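Per chain, numbering begins at 1; letters A, B, ... match sequence-line order. Predicted model only: the values in this text are computed from it and were never measured.
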Amino acid sequence: MIIEGYEGYMPELPEVETVRRGLAPSMEGAVIRHVELRRPDLRFAFPPDFAARLTNRRILGLSRRAKYLIAGLDDGASLLMHLGMSGSFRVIRQTGSQMPGDFHHERSQIPAHDHVVLHLEGPDGSASVIYNDPRRFGFMDLLSPSDGASNRFLSGLGIEPTGNEMGPDSIARLFDRKTSPLKAALLDQRLIAGLGNIYVCEALWEAGLSPLRQAQSIVGNGPARLGQRTRLADAIRDVIARAIAAGGSSLRDHRLTDGSLGYFQHCFSVYDREGEACRREGCGGTIERIVQSGRSTFHCRQCQK
DNA sequence: CCTTGAACCTGGGCGC
DNA sequence: TGCGCCCAGGTTCAAG
């Protein structure tokens with residue numbers, strides 16, 4: 001018997017957190033019995049002996065830092081996973097006498113873009129965790145116990161958008177003397193780690209701030225600027241928290257979804273709403289799409305100053 | 001150091 | 001139906 005779950009789309013922080021929660025029951029406490037690599041690389045080459053170093057290791061916990069998933073292993077190493085733009089995981093639970101890999105024989109062929117399969121043996125039976133990534137912007141790495149925070153992917157990351165550090169003081173420190181647009185500064189993972197294009201647009205709308213103004217323009221001691229930073233910090237927390245809550249709902253109902261934007265998009269105030277009326281009470285503006293550093297920004301000129 | 005833009009890939013949607 | 005173009009959740013580089 002095969003039970004198939006569907007996890008993961010739109011990989012910004014809330015989605016990565018949703019994936020983490022979805023995978024944790026299958027992965028935590030399980031032993032990796034076999035690792036299938038269908039190709040030598042994703043965005044980057046897998047590290048040397050990647051599969052061998054994972055084999056027969058028990059997964060102690062699955063955590064998240066920014067948009068990274070981190071599986072802690074029983075030898076002190078950690079498996080680092082990033083979903084890029086199009087990565088997703090599926091879990092297939094096997095019960096009965098199936099051998100690992102049999103699900104591929106039950107299908108006439110391997111689904112396109114299934115690049116990594118972790119065959120797990122847990123207390124409640126076996127499971128296969130399959131990483132699929134059409135665009136291959138995702139990547140994986142293996143951290144030795146001594147690597148810790150010196151890992152090239154983790155070392156430069158900024159503060160967590162939902163952590164205790166997020167507040168007007170941190171924003172002042174991080175954005176001081178930054179001449180880049182607010183939009184670009186919020187996307188800079190070295191300052192705040194975990195925000196992506198959708199939720200930056202959403203948070204700026206909620207805070208009533210223009211994506212075009214310079215980041216340093218909300219730095220300063222005046223009450224107006226303190227208010228702007230406070231509203232921005234609150235908006236970031238709020239938008240992320242609501243998206244995680246929505247992700248949780250869609251996860252419970254995942255059989256009803258097709259894995260596309262569908263479910264979440266009802267929650268967006270500006271993202272992908274070009275030409276629609278601004279949803280702010282009494283605003284009357286129209287959502288506009290502009291391009292900043294090569295990426296779409298959705299905003300309302302009327303109420304975002 | 002700082003900021004911007006190209007590059008990495010595949011697939012879906014649209015206009016012609 | 002098909003072709004070419006534009007667009008998409010992110011990150012790393014190179015160039016200015």
Task: B/dC9 OP1/OP2 closer than 4.0 Å to side-chain N/O of A/His113 - done: no
Open item on the list: With a 4.0 Å limit, can you tell me whether A/Ser180 has a side-chain N or O closer than that to the phosphate oxygens OP1/OP2 of B/dC2?
Closed with: no
Open item on the list: For A/Lys305 and A/Ser210, which I'm curious about, is there any donor-acceptor pair between the side chains at under 3.5 Å?
Closed with: no
Open item on the list: Just the rounded figure in Å: distance from C1' of B/dC2 to CZ of A/Arg190.
Closed with: 8 Å
TODO: For A/Asp41 and B/dA7, give me the distance from atom CG to atom P, rounded to whole Å.
DONE: 20 Å
Open item on the list: Measure CG/A/Asn132 against P/B/dC9 and give the value in whole Å, please.
Closed with: 17 Å
- [ ] Determine, for A/Asp169 against A/Arg173, whether the closest basic-nitrogen to carboxylate-oxygen distance falls under 4.0 angstrom.
- [x] no
Task: Pair A/Lys178 + A/Asp188, salt bridge at N-O below 4.0 Å - done: no
- [ ] Would you indicate what A/Pro14 reaches in the nucleic acid, counting non-hydrogen atoms under 4.0 angstrom: base, sugar-phosphate, or nothing?
- [x] nothing
Open item on the list: Set out, in order, the CA-CA distance, both residues' side-chain angles and the distance that settles side chain to side chain donor-acceptor pair (under 3.5 Å) for A/Gln94 and A/Ser128, then state yes or no.
Closed with: CA-CA 8 Å; A/Gln94 287 113 1; A/Ser128 296; 3.2 Å; yes
- [ ] Give a yes-or-no answer on whether the side chains of A/Ser126 and A/Arg93 include a donor-acceptor pair shorter than 3.5 Å.
- [x] no
Open item on the list: A/Glu160 vs A/Arg65, test: salt bridge (Lys or Arg N to Asp or Glu O under 4.0 Å). Steps then yes/no.
Closed with: CA-CA 8 Å; A/Glu160 280 285 322; A/Arg65 169 76 170 102; 3.0 Å; yes
TODO: Determine, for nucleotides 10-16 of chain C in 5'-to-3' order, which nucleotides have protein heavy atoms under 4.0 Å from the base (write B), from only the sugar-phosphate (write S), or from neither (write -).
DONE: BBBS---
Task: Nearest-nucleotide pick for A/Lys178, side chain only, options being C/dA8, B/dC2, B/dC9 - done: B/dC2
Open item on the list: When the P atoms of B/dC9 and C/dC13 are compared, how many Å lie between them, rounded to an integer?
Closed with: 14 Å
Open item on the list: Can you list every stem that DNA chain B is part of, counting only runs of 3 or more consecutive Watson-Crick or G-U wobble pairs with both distances under 3.5 Å?
Closed with: B:2-8 with C:10-16, B:10-16 with C:2-8
- [ ] For A/Thr179, answer base if it contacts any base atom (sugar-phosphate contacts may also be present), sugar-phosphate if it contacts only those atoms, and nothing otherwise; contact means non-hydrogen atoms under 4.0 Å.
- [x] sugar-phosphate
Task: A/Glu121 and A/Arg58 ion-paired at < 4.0 Å - done: no
TODO: For the pair A/Lys67 and A/Glu12, find out whether any cationic side-chain nitrogen is under 4.0 Å from an anionic carboxylate oxygen.
DONE: no
- [ ] Find the distance A/Leu42:CG to B/dT10:C1' and express it as a whole number of Å.
- [x] 14 Å
TODO: Before accepting this row, confirm whether a basic side-chain N of the pair A/Arg39/A/Asp41 lies closer than 4.0 Å to the acidic partner's carboxylate O.
DONE: yes
